[in-house]
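For ligands, and for the atoms within them, numbers begin at 1 and follow the listed sequence.
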Amino acid sequence: MPLPPPADAYTPLEELLAGLVQLAEEHADVVTVEEVGQTVRGHPILAFHVAPTGDERSDMLVFAGIHAYEWIGVQTADRFLRDLVVAPPEHVAVTVIPALNVDGRLASEAAVRQGRWRDYYRANADGVDLNRDFPVNHEPVGLWSHVLPGYAASSPEPLSQPESRALDALADRERYDRAVSLHSYGGFLYYPWTGTWERPPDWRTFAELGRAMEAAQGGHAYKPRQLSRWGFFFRAHGSEIDHLYGTYGTTAFLIELTRSGVRPWHAADLRTPFRWYDPEDPDPHVERGVRALHALVLAP
Ligand SMILES: [Zn+2]
């Protein structure tokens, strides 16, 4: 059997969360931890709330790990939160959820550890893709219900899973001004709508904020795109960002980090889901994502 891909550059989730909880205890004046829900298997879903140094003028939510194998997003959320604890924004309150689909992530870690690295992990423990479990634009309409039926599939009913309900309840309570859901791979800054071709009413705002995130990254930056308009066959029905924007008015982005972690000259990587999403050296990709997030915090 070929060797498994190196995965030790990524922090195991339980270790990562324990480190953040300890950090929060050491900086209790800056950050508070809240259990905002539990997964199918009863794992806590943790949110870290960072208070601004001055008066609060707006707030922002950053969350990662909706898809099990997208470890790079979790690693990016961890670094971003650690930055904020050292240097909190002056007027922006920020909430970070490092991993929403805790069960899926832990299952994917076990697979990699045990050498079952060709197994595919994306959904939560109930087998539902949380990125398709939200109410807005949940149902494929017209042409889209007939072509690519498998691809266009959404979950049985919106908010069917405890993980999506936890995110929704927090978003409903806080009514965040801005939000980012961290995914991989692709190298784009997507904004709504993801489930319909229509332009969102605030598309100019999205494009402007997207350009601010693009400019902060340096060379070969990820570019802003309305997801449904990027590829003709590309639709995501019931996505978290359509819901946050359509239901709560949150200016919500979905960042597809990296342009894939498949290494040149490693043919086996093409059959290794972990490697599709997670590069061998996460650091430059984390750095790029964190720069984009800070730019969104600072953008007027
Ligand atoms: Zn994803």
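- Using cut-offs of 30° and 60° on the angle between ring planes, the pair Y69 and Y121 is perpendicular.
- Proximity of Y277 to Y185: side-chain heavy atoms (C-beta onward) are separated by under 4.5 Å at one or more points.
- Ring orientation note: the planes of H243 and Y248 are nearly perpendicular, at an angle over 60° on the 30°/60° scale.
- Within the protein, the N, O or S atoms sitting under 2.8 Å from the Zn ion (ligand 1) are H67 ND1, E70 OE1, E70 OE2, H183 ND1.
- Each of V40 and F134 belongs to its own hydrophobic cluster when Ile, Leu, Val, Met, Phe, Trp and Tyr are linked at side-chain heavy-atom distances under 4.5 angstrom.
- The aromatic rings of F253 and Y191 lie perpendicular to each other, with more than 60° between the two planes, well past the 30° mark.
- Counting all heavy atoms, side chain and backbone alike, P200 lies closest to P192 at CG-O, 3.1 Å.
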